[in-house]
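Notes follow once the structure below has been shown.
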Amino acid sequence: MARTAVGIDIGGTGIKGAIVDLDSGELLSDRIKKSTPEGGEPDAIVAVVKQIVDELGLDDASLPVGVCFPAAIMDGKTLSAANVSKKWIGFEAEKLFETTLGRNIHFVNDADAAGYAETRFGAAKGVKGLVIMTTLGTGIGTALINDGVLIVNAELGHLEIGGKDYETKASFAAKERDDLSWKHWAKRLQKYYSHLEALLYPRLIIVGGGVSKHHDEFLPLLDLRAEIVPAALRNNAGIMGAAALAADSNPAF
Ligand code: BGC
């Protein structure tokens with residue numbers, strides 16, 4: 001019998017969920033995807049997550065459920081809110097999800113989940129030294145992994161460069177908003193990743209988010225000291241990592 005858990009990835013535009021095989025990292029169910037409700041408020045988001053969990057048809061009440069979310073998170077509380085409603089700041093998110101879904105939930109940052117999944121199943125597996133996972137989507141998410149150990153809540157997407165919170169310039173949403181060519185966007189990415197490298201000296205940088213499937217268009221344009229590669233798990237890394245973190249933090253499992 002496969003060891004399994006559920007992963008739910010809440011993003012600024014979409015919410016996705018699936019059942020994950022924790023040994024291989026593969027998805028054992030269809031990936032269910034729904035739009036993030038306008039305004040990104042807690043009650044509306046948890047209602048969509050409930051629909052996804054219901055549609056997954058879980059019969060085992062003890063199956064670990066991991067939820068990842070675009071905010072810094074401590075002890076189940078969301079501490080920030082960059083691209084969702086400000087109601088999430090200082091909010092008991094894990095409690096709301098546990099009450100609504102009637103299950104134990106493990107609530108984590110979305111980039112941390114993606115970084116954890118890449119470490120267990122993907123591009124960072126077995127890599128020694130510092131790896132920085134970055135996700136280019138509505139915002140820029142980052143995760144630090146050193147010798148395979150995740151250091152949570154690195155919010156390096158908000159590095160300030162030239163007086164600007166740089167996720168507002170270099171995220172994929174910024175590329176779309178400003179209608180940038182790959183080349184023009186790559187110039188902004190170069191500035192961002194060079195800054196990151198000047199501060200942290202990673203051995204490997206991983207680029208995730210939906211746009212990572214087009215990595216051929218922009219990664220070859222970057223000139224960095226560290227190796228930079230697309231996420232091996234593409235846009236499923238959040239789901240896989242949320243599931244794996246939920247299971248690994250659950251001693252009974
Ligand atoms: C948030 C991070 C999140 C990232 C990617 C940022 O705006 O502050 O917590 O990981 O977006 O979703």
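Order of listing sets the numbers, starting from 1, for every ligand and every atom in it. Bear in mind that the values here come from a model prediction, so they are computed numbers and not experimental data. Counting from 1, the numbers follow the sequence of the chain as shown.
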I'd like to know if the side chain of T135 and the backbone of A111 have a donor-acceptor N/O pair within less than 3.5 Å.
no

Please identify which atoms of ligand 1 are closer than 4.0 Å to at least one heavy atom of E167.
6 (C), 7 (O), 11 (O)

Under 4.0 Å from a heavy atom of I140: which atoms of ligand 1 are those, numbered in the order shown and with their elements?
4 (C), 5 (C), 6 (C), 11 (O)

Note: ligand 1 atoms sitting under 4.0 Å from heavy atoms of A82 are 7 (O), 8 (O)

Out of all atoms in ligand 1, which are within 4.0 Å of some heavy atom of G141? Include the element for each.
4 (C), 5 (C), 10 (O)

Identity and distance of the protein heavy atom lying nearest atom 9 (O) of ligand 1:
E155 OE2, 2.6 Å

Using a strict cut-off of 4.0 Å, indicate which atoms of ligand 1 neighbour a heavy atom of H158.
1 (C), 6 (C), 7 (O), 8 (O)

Do R188 side-chain atoms and K169 backbone N/O form a donor-acceptor pair below 3.5 Å?
yes

Side chains of T134 and Y192: donor-acceptor distance under 3.5 Å anywhere?
no

Suppose we screen for ring pair (Phe, Tyr, Trp, His ring centres under 6.0 Å). Which residues come up paired with F107, at least two apart in sequence or across chains?
F69, F97

Please list, in number order, the atoms of ligand 1 under 4.0 Å from a heavy atom of N83.
7 (O)

How does T142 reach ligand 1, by side chain, by backbone, by both or by neither, if only non-hydrogen atoms under 4.0 Å count?
neither

Go through it in stages, so that I can follow the logic: the residues are Q190 and S194, the test is side-chain hydrogen bond (donor to acceptor under 3.5 Å, both in side chains), and I'd like the CA-CA distance, side-chain angles, deciding distance and then a yes or no.
CA-CA 6 Å; Q190 177 72 47; S194 294; 3.0 Å; yes

Measure the distance from atom 10 (O) of ligand 1 to every protein heavy atom, then report the residue, atom name and distance (to 0.1 Å) of the closest one.
D110 OD1, 2.5 Å

Can you classify the ring geometry of W185 versus W182 as parallel (below 30°), tilted (30 to 60°) or perpendicular (above 60°)?
tilted

Could you say whether the N/O atoms of A71 and ligand 1 ever approach to under 3.5 Å?
yes

Between P70 and ligand 1, which part of the residue brings a heavy atom under 4.0 Å of the ligand: side chain, backbone, both or neither?
both

Please tell me if the side chains of V131 and R203 come closer than 4.5 Å, counting only heavy atoms from C-beta onward.
no

Under-4.0 Å heavy-atom contact with ligand 1, by part of N109 that carries it:
side chain

Any side-chain to backbone donor/acceptor pair from D112 onto N153? Under 3.5 Å, distance only.
yes

